[in-house]
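See structure below.
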Amino acid sequence: MYYGPEGLVVTWSGPVPQYARYGVGNGEIFGKVAEVTGMDTPQGYPAKYLENLSDADVFNPGMVHSTDELIAWQRRHGIEMEPEALEVFQGYLDRNYPIFTSLVSHPAVDEPADYIACSLVLQRGVIVYNGNGRQELFLRSYFHSAKADGSEYVNFVPRRGIHYSFKSDALWFPLELTRLMSEPASYVEIDIATTDGLDQLDIPAQFSPTTTGFATLNGHKYEVMRISARFEVSKRQRIEDLIIPFH
């Protein structure tokens, strides 16, 4: 993290499908689907990740197309990238996924240089697909920033979210970066909203379908399902992206 004109901030980066439109949304979609699927946090979510949870802002969206660009961008914000992280990002770039970059405001803390472990403990997403061959993906992750020994920490979540819009014949959610988190486990909560019917979807075994219902989004009626997963990050195994083809 570093002190910039906006105050104390952390970086937030992830892959984007080629030719996707991207930006920072207003976060409204999360409230709309929550009326059907319920609160963001899953059953069994550790209470410490909700202690003094504060809202944060996300800003300065951009895109890089090589690891050299990504390294330089991270260095400008006080981050030296680890080899394992570079390997994962390079894998996405090799598959023609550019890397989205942004900044997230960090709560004020004493001795910020001691807060060296920042993890996305809950990856929250909404996927909207209305049968036109285009996916709208909304992302809003929950951050846990801690001192090296875990004795002090803060929790924060962007009040808005990142929005990708791209052509696709399958539902996609990025997960490979999950294994880089410093916490023992990472949680994923995804709401899928489709006009084509949820019965067309083969949900992978590691995800548990929970709430289903109907919601009106942008004047269209969608069937909505929440799927949830918990990944053991400490095992450092590869976690493949979620890809759900339509039949």
Side-chain angles (χ1 to χ4, degrees), residues 14-15 17 20 25 27-47 49-50 53 119-142 144 157-158 161-179 181 183-235 237-247:
E28 186 178 290
I29 187 71
F30 296 97
K32 289 184 175 180
V33 294
E35 295 175 5
V36 178
T37 55
M39 62 187 298
D40 282 356
T41 53
Q43 189 174 21
Y45 190 64
Y49 297 147
L50 294 175
L53 181 67
S119 289
L120 306 183
V121 288
L122 171 59
Q123 298 174 74
R124 179 77 176 94
V126 177
I127 295 173
V128 179
Y129 187 88
N130 65 5
N132 64 354
R134 195 167 194 89
Q135 176 178 327
E136 309 295 327
L137 174 59
F138 302 85
L139 302 169
R140 183 171 68 182
S141 292
Y142 283 59
H144 179 77
V157 57
I162 295 170
H163 177 200
Y164 300 159
S165 178
F166 53 95
K167 290 183 178 180
S168 180
D169 56 4
L171 304 185
W172 173 81
F173 189 90
L175 288 173
E176 286 193 39
L177 288 166
T178 301
R179 66 182 169 98
M181 306 308 166
E183 291 295 298
S186 182
Y187 296 79
V188 180
E189 292 273 278
I190 303 171
D191 291 338
I192 299 172
T194 177
T195 56
D196 286 3
L198 296 172
D199 56 346
Q200 294 193 57
L201 305 179
D202 291 329
I203 307 301
Q206 67 265 45
F207 281 85
S208 301
T210 56
T211 313
T212 59
F214 292 89
T216 300
L217 307 173
N218 296 322
H220 298 280
K221 187 177 182 180
Y222 287 82
E223 193 171 3
V224 182
M225 172 194 291
R226 172 165 292 181
I227 60 175
S228 305
R230 179 183 184 274
F231 294 99
E232 296 289 340
V233 181
S234 56
K235 295 180 179 179
Q237 296 174 341
R238 181 180 178 185
I239 300 171
E240 295 186 352
D241 289 349
L242 174 67
I243 298 176
I244 306 177
F246 277 100
H247 294 303

Of Q206, Q43, E189, the residue whose pairing with S228 passes side chain to side chain donor-acceptor pair (under 3.5 Å): E189
Working to the nearest 0.5 angstrom, can you tell me the gap between I190 CD1 and L171 CG? 9.5 Å
Distance col, row T210:OG1 vs M225:CE, nearest 0.5 angstrom, shows 8.5 Å
Considering all heavy atoms of both residues, which atom of V157 and which atom of S141 are nearest to each other, and what is their separation? CG2-O, 3.6 Å
Closest contact, heavy atoms only, I162 versus Y164: CG2-CE2, 3.4 Å
Between Y49 and T41, is there a side-chain heavy-atom distance shorter than 4.5 Å? no
Provide the closest heavy-atom pair for I227 versus P209 in the form atom of the first, atom of the second, distance. CG2-CA, 4.1 Å
Tell me the side chain to side chain donor-acceptor pair (under 3.5 Å) pairs involving residues 120-140, sequence neighbours left out? D40-R124, D40-R140, Q123-T178, Q123-S186, R124-D191, N130-N132, R134-S165, E136-H163, E136-S165
Going through the distances and angles, do N218 and V128 end up as a side-chain contact (heavy atoms from CB on, under 4.5 Å)? CA-CA 11 Å; N218 296 322; V128 179; over 6 Å; no
Specify whether H220 and Y222 have parallel, tilted or perpendicular ring planes, treating 30° as the upper limit for parallel and 60° as the lower limit for perpendicular. perpendicular
Roughly how far, to the nearest 0.5 Å, is the CG atom of D199 from the CG atom of D202? 10.0 Å
For Y187 and G44, which heavy atoms make the closest approach, and how far apart are they? OH-O, 3.5 Å
May I have all residue pairs that pass salt bridge (charged side-chain N to carboxylate O under 4.0 Å, His left out) and include part of residues 161-178, sequence neighbours excluded? R95-E176, E176-R238
If you round to the nearest 0.5 Å, how far is CG of L122 from CG of L50? 9.0 Å
Reported OG1-to-CD distance for the pair T212 and E223, which is rounded to 0.5 angstrom: 7.0 Å
Mind listing the closest non-hydrogen atom pair of G213 and V36 along with its distance? CA-CG1, 3.6 Å
Over all heavy atoms of both residues, which pair between G125 and F173 is shortest? Give the atoms and the distance, please. CA-CE1, 3.8 Å
If I take atom OG1 from residue T194 and atom CD1 from residue I244, how far apart are they, to the nearest 0.5 angstrom? 11.0 Å
When you look at M181 and V121, which way does the side-chain contact (heavy atoms from CB on, under 4.5 Å) test go after all the steps? CA-CA 8 Å; M181 306 308 166; V121 288; over 6 Å; no
List the residues meeting ring-ring contact (aromatic ring centres under 6.0 Å, His included) with F166, not counting sequence neighbours, and say none if there are none. W172
